[in-house]
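Beneath this line is the structure, given in structure tokens, with notes to follow.
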Amino acid sequence: MQTYDYKEIEKKWQDHWLTHKTFKAVTDTSKKKWYSLVEFPYPSGEGLHVGHPRSYTAMDIISRKRRLQGYNVLFPIGWDAFGLPTENFAIKHKIPPAEITARNIDNFRRQCQSIGFSFNWDREVNTTDPDYYHWTQWIFLQMFKHGLAYKKEMSVNWCTDCKVVLANEEVVDGKCERCHHDVIHKVKSQWMLGITKYADRLIDDLDEVDYIERIKITQKNWIGRSYGAEVDFESTAGDTLTVYTTRPDTLFGATYMVISPEHPYIEKWADKLTNIEDLRAYREAAAKKSEMERTQLNKDKTGVKLEGVQAINPVNGKNIPIFISDYVLISYGTGAIMAVPGHDTRDWEFAKVYDLPIIEVVKGGDVTQEAFTDCNTGIMINSDFLNGLTVDEAKVEIKKWLISKGLGKEKVNFKLRDWVFSRQRYWGEPIPVVNCSHCGWVALPESELPLKLPDVPSYMPTDNGESPLALMESFINTKCPKCGSAARRETDTMPQWAGSSWYYLRYCDPTNSEALASKEALDYWMPVDWYNGGMEHTTLHLLYSRFWHKFLYDIGAVSTKEPYKKRTAHGMILGEDGGKMSKSRGNVVNPDDIIRDYGADTLRTYEMFIGDFEQPAPWSMSSIKGCKRFLDRIWGLRDIMTTDNDYSDDLKSAFHRTIKKVSDDLENLKMNTAIAAMMTLLNEIYSKGSITKLELKTLLILLNPIAPHITEELYNDIFGGFIHEETWCTYDEKLCIDDTIEIAVQINGKVKAKITIGTDDDEAAVLAAAKTETAVIAAIDGKTLVKEIYVKGRIVNIVVR
RNA sequence: GCGGGUGUGGCGGAAUGGCAGACGCGUCAGAUUUAGGAUCUGAUGUUAAUUCGUGCAGGUUCAAGUCCUGUCACCCGCACCA
């Protein structure tokens, strides 16, 4: 027996694939295409995590299988290399970020190649390459020209340690996602992208794509569309206060109003408000609260009543008090609500604190005990012309009434906010606009792209919150492209998520210098047929890239409405202790070590065998051995190979079944059961003691997508040629079934015996056979026969009394 | 609080309403080996029991891990969104 030297074999085939460009993807419209995509990694100094190969191996399996099925396959990889960790490393070690990035990319590339992924290495993209971010900047300019990128003074999340603005998505539990320091609010002028203009389409078009359901649900909830009404309340100050509500049906129960502490009317009404100082003090206290305090501590309702101005409920003309409270957010709806304590939990809590009247307008609960918020069962009461209606009917009637009186309108609102798109950092794409004292913000001409990131003496952010670029006079000072007078460049850079919002397009045509990609290449390769990635990007990268893609579709740059036809998500690989893998826990597994000790094929097989692909799974060093043994036993098959080139009679149906099982399971990301099926077959082969040539060839092809090196080697050695030039196996449904099977015989649902029957035997014959079993005879002896059931090929159940 | 997910042997996990525990790890026994490791063979939910067993309590069914009602626990996300 030849020894299975995985180190030598894996190196040999990796070199072969690279030098022969085996997996090169060429645009060829005469062939049917397949585009599989994995999230390109951030090339950190730590190197590849064992989580990466879970996703990458799965899509590598699909890609390799598609090639065997005759598809022209695009399976690219690249590097999402802008971002804070590299910049922080640069600051600490005084090494230029570009140098660190190049070094990290080399390491990541080496690691990916050492696992044997069939990536298209001639299509690598790198978001920090000026030829790449040229087009990131170009897309920004198109958005700017279409009014989707705009500058706005706004309260932003400010990390006190990183000294940088964070997106809402980067704030976790009121702390910086990266450094875990406190996040406070700070007013700064920021670039914004108008993702909210696409909110409806980002929800509605989910119906057209094949994403796993939990991704769709998460995106829908994040966008948070709600249907309601805006209602105008007159005030004793003369101004109209507009509120947004999803429950206009409860208008008769509105006994007070709450406006956000930042609501502009407070200052407008300053001279009418006798307690303006109290109101201002409350507002200032609310602003000083960190995100942490606002969300975690003290959920008890607080507020201050406006003394001197009241609102008038439009349905009954009653004067009602107005409060300010930080439970009403200035950023959502109109920053003002009508409070219906009988039917809203928060309003009920507030009313209890300030002893405000609670009116029941929907019957069904006990509003003296808690708010009754159920919309489905209640009937309207104490509501004049709405009395007796259901909630749904009342919503329709009140809206009609409000519209006819000119007091309100239907309104749809979203939780989604526009995207804060500037960062006060060095290591990101420069924003290609200049500020001119005459013309305001002016776009750079496209001919001046890419606007290159200059070398700076220091990467340290400044204490006043400006980017390090702000210290570089030679970069800042320029001329206005419009009027030619002196102007200053924008010194903020784009966030981490910019480059990844369109990278899948660049893969189609990665070296194009005229456009982000040629129309021809995009029309051929797009959309992505299958995209797998982490759940953690559902409301970040995945949503952002759908937004950018829709914009590019609107301006005619791409011809599909959605970028990804299908999206799946893998579960996280946890440490051996069941917790998240992290340096601080000391439970990190380095893929390099596994490859050294067990080989790349074993790593791939183990990561696929570890459990349900979509569920989190704890790492286990001892379980890896089982996968290594499996491959060792595959290696040993040639020693028991016969010269016969057909399926053997006793394994024929087992092989057909396994081909079917593996083919189906791989498509459904059930690699664990596909591998189990091959292990079962292998056990049968060994207990039989021999395998035919055809059987071995079949098994190698089935295993090839999962363990490509060992299967290439065996195939090449035994059959000659290359397994990657083979064709995926087919099966015959009829041959998947054995002629005879063993089924259980139950009496009253309890198994009493097992009988072997012919697969095609009819019910009478099977029942007759069942009744010859001694255990069955004993169990039905002296009892009355109630019912006899035979489910073809499955089970016999005899019911007796 | 809201949304999503998960509860099955010592462990990871399998089961179109039809023999629960496939497959693998671990463990035990045997073979081989100077020994260890590796490998091979067999056993391995539980019970005195063909007894009981899929978080818990009910229900539907000839038949429930799977369907229905209620309930508990854990994990992940969001978090005063009117």
Side-chain angles (χ1 to χ4, degrees), chain A residues 168-169 172-174 213-215 217-218 220-222 224-226 228 243-248 250 258 294-296 299-301 325-329 331-340 343-347 349-350 373 413-417 535-536 538-539 571-572 574 578-580 605-606 609-612 614-627 629-630 632-633 636 670 672-683 686-687 742-754 775 778-779 786-800:
Chain A
N168 286 338
E169 294 83 345
V172 176
D173 289 337
E213 203 52 34
R214 59 192 172 124
I215 292 179
I217 290 167
T218 306
K220 281 179 192 169
N221 289 345
W222 183 262
R225 180 162 60 188
S226 70
V243 303
Y244 172 72
T245 178
T246 54
R247 295 294 302 277
T250 62
V258 186
R294 267 180 100 126
T295 55
Q296 300 235 306
K299 286 230 176 180
D300 294 338
K301 298 288 177 287
S325 173
D326 61 5
Y327 86 84
V328 173
L329 310 174
S331 55
Y332 184 78
T334 61
I337 62 157
M338 64 178 209
V340 184
H343 304 284
D344 180 280
T345 311
R346 296 150 302 175
D347 297 345
E349 287 167 4
F350 191 87
T373 56
N413 258 326
F414 299 92
K415 289 186 198 172
L416 186 70
R417 303 269 75 89
M535 257 331 259
E536 70 274 17
T538 303
T539 55
M572 214 188 302
L574 306 172
K580 226 181 214 176
T605 307
Y606 173 64
F609 190 62
I610 195 167
D612 185 331
E614 290 191 18
Q615 293 301 133
W619 188 264
S620 164
M621 281 300 180
S622 59
S623 291
I624 294 170
K625 289 181 197 149
C627 294
R629 265 176 219 154
F630 168 61
D632 286 341
R633 280 156 66 83
K670 293 190 173 296
N672 52 337
T673 49
I675 293 166
M678 287 187 271
M679 287 174 168
T680 306
L681 182 61
L682 189 64
N683 290 341
Y686 270 106
S687 66
E742 192 187 58
I743 63 164
V745 181
Q746 297 181 331
I747 306 297
N748 292 345
K750 298 265 184 199
V751 177
K752 294 290 176 187
K754 288 176 185 178
V786 178
K787 203 170 182 180
E788 293 175 312
I789 294 142
Y790 170 54
V791 181
K792 194 169 180 346
R794 295 235 170 245
I795 203 160
V796 172
N797 190 10
I798 299 170
V799 185
V800 292

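What you are looking at is a predicted structure, and each value in this text was computed from that prediction instead of being measured.
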When the distance from [atom1] of [X] to [atom2] of [N] is rounded to whole Å, what number comes out?
X        : N      : atom1 : atom2 : answer
A:Glu614 : B:rG77 : CD    : P     : 17 Å
A:Met621 : B:rC25 : CE    : C1'   : 14 Å
A:Asp300 : B:rC80 : CG    : P     : 15 Å
A:His343 : B:rC80 : NE2   : C1'   : 19 Å
A:Tyr606 : B:rC23 : OH    : C1'   : 14 Å
A:Asp632 : B:rC25 : CG    : P     : 12 Å
A:Lys670 : B:rG24 : NZ    : P     : 19 Å
A:Leu681 : B:rA22 : CG    : C1'   : 14 Å

Please pick, from [options], the nucleotide with the shortest atom-to-atom distance to any side-chain atom of [X].
X        : options                : answer
A:Glu742 : B:rC19, B:rA14, B:rG18 : B:rC19
A:Leu329 : B:rC19, B:rG24, B:rA82 : B:rA82
A:Lys752 : B:rC19, B:rU50, B:rU6  : B:rU50
A:Ala676 : B:rC25, B:rA22, B:rG24 : B:rA22
A:Ile795 : B:rG4, B:rG18, B:rU6   : B:rG18
A:Gln746 : B:rG24, B:rC19, B:rG4  : B:rC19
A:Pro618 : B:rC23, B:rA15, B:rG13 : B:rG13
A:Arg633 : B:rC40, B:rC25, B:rG13 : B:rC40
A:Ser623 : B:rC23, B:rG5, B:rC25  : B:rC25
A:Val751 : B:rA82, B:rC23, B:rC19 : B:rC19

With a non-hydrogen cut-off below 4.0 angstrom, is [X] in contact with a base, only sugar-phosphate, or nothing?
X        : value
A:Ile789 : base
A:Ser620 : nothing
A:Ser226 : sugar-phosphate
A:Arg794 : base
A:Asn413 : nothing
A:Asp347 : nothing
A:Asn748 : nothing
A:Val799 : sugar-phosphate

Using the [atom1] atom on both, measure [N] against [M] and round to a whole Å.
N      : M      : atom1 : value
B:rG13 : B:rU6  : P     : 12 Å
B:rA48 : B:rU16 : C1'   : 38 Å
B:rC62 : B:rU51 : C1'   : 22 Å
B:rU50 : B:rA20 : P     : 14 Å
B:rC78 : B:rU27 : C1'   : 45 Å
B:rG77 : B:rG18 : P     : 35 Å
B:rC75 : B:rG70 : P     : 24 Å
B:rG58 : B:rG12 : P     : 28 Å

Considering heavy-atom distances to RNA chain B, does A:Asn683 or A:Ile743 have its closest nucleotide positioned more toward the 5' end?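 With A:Asn683 and A:Ile743 compared, the 5'-side residue is A:Ile743.
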Using heavy-atom distances to pick each residue's nearest nucleotide on RNA chain B, tell me which of A:Asn797 and A:Ala753 is more 5'.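 The residue mapped nearer the 5' terminus is A:Ala753.
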Which side-chain N or O atoms in residues 672-681 of chain A pair as donor and acceptor under 3.5 Å with protein atoms at least two apart or in another chain?
{"unit_1": "A:Thr673", "atom_1": "OG1", "unit_2": "A:Asp665", "atom_2": "OD2", "d": "2.8"}
{"unit_1": "A:Thr673", "atom_1": "OG1", "unit_2": "A:Lys670", "atom_2": "O", "d": "3.1"}
{"unit_1": "A:Thr680", "atom_1": "OG1", "unit_2": "A:Ala676", "atom_2": "O", "d": "2.8"}

A:Val796 and its side-chain contact (heavy atoms from CB on, under 4.5 Å) partner, picked from A:Ile789, A:Val745, A:Val791, A:Ile747: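 Answer after filtering A:Ile789, A:Val745, A:Val791, A:Ile747: A:Val745.
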Base B:rC25 to side chain A:Lys625, donor-acceptor N/O within 3.5 Å cut-off: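 Answer is no: no donor-acceptor pair is held.
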Side chain A:Lys415 and base B:rC78 donor-acceptor under 3.5 Å: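 Looking at the base of B:rC78, it does not pair with any donor or acceptor on the side chain of A:Lys415 (distance under 3.5 Å).
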Yes or no on side-chain contact (heavy atoms from CB on, under 4.5 Å) for A:Tyr790 and A:Ile743, after CA distance, side-chain angles and deciding distance? CA-CA 10 Å; A:Tyr790 170 54; A:Ile743 63 164; 3.8 Å; yes
Backbone N/O of A:Val800 and side chain of A:Asn748: donor-acceptor pair under 3.5 Å: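 Yes; judged by distance alone, with no hydrogens or angles, the pair exists.
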Checking A:Asn797 side chain against A:Gly749 main chain: does a donor-acceptor pair fall under 3.5 Å?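 Such a contact is found between A:Asn797 side chain and A:Gly749 backbone.
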Would you call A:Glu349 and A:Lys301 a salt bridge, using N to O less than 4.0 angstrom?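 So A:Glu349 pairs with A:Lys301 through a salt bridge.
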Any side-chain heavy-atom pair from [X] and [Y] closer than 4.5 angstrom?
X        : Y        : value
A:Tyr606 : A:Ser620 : yes
A:Tyr244 : A:Tyr332 : yes
A:Ile624 : A:Trp619 : yes

Where does B:rG12 land, syn or anti, given syn is within 90° of 0?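 You should classify B:rG12 as anti.
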Short side-chain N/O contact from [X] to OP1 or OP2 of [N], under 4.0 Å:
X        : N      : result
A:Arg629 : B:rC23 : no
A:Arg247 : B:rA82 : no
A:Tyr327 : B:rA82 : no

Stem list for RNA chain B, please, built from Watson-Crick and G-U wobble pairs under 3.5 Å and keeping only runs of at least 3.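 Stems (3+ consecutive pairs) listed as B:1-7 with B:72-78, B:10-12 with B:23-25, B:26-31 with B:39-44, B:55-59 with B:67-71.
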Greater than 12 external heavy atoms within 6.0 Å of A:Lys792's NZ: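 Result for NZ/A:Lys792: enclosed.
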When you compare the side chains of A:Tyr327 and A:Asp300, does any donor N or O come within less than 3.5 Å of an acceptor on the partner?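 Note: A:Tyr327 and A:Asp300 side chains miss the donor-acceptor criterion.
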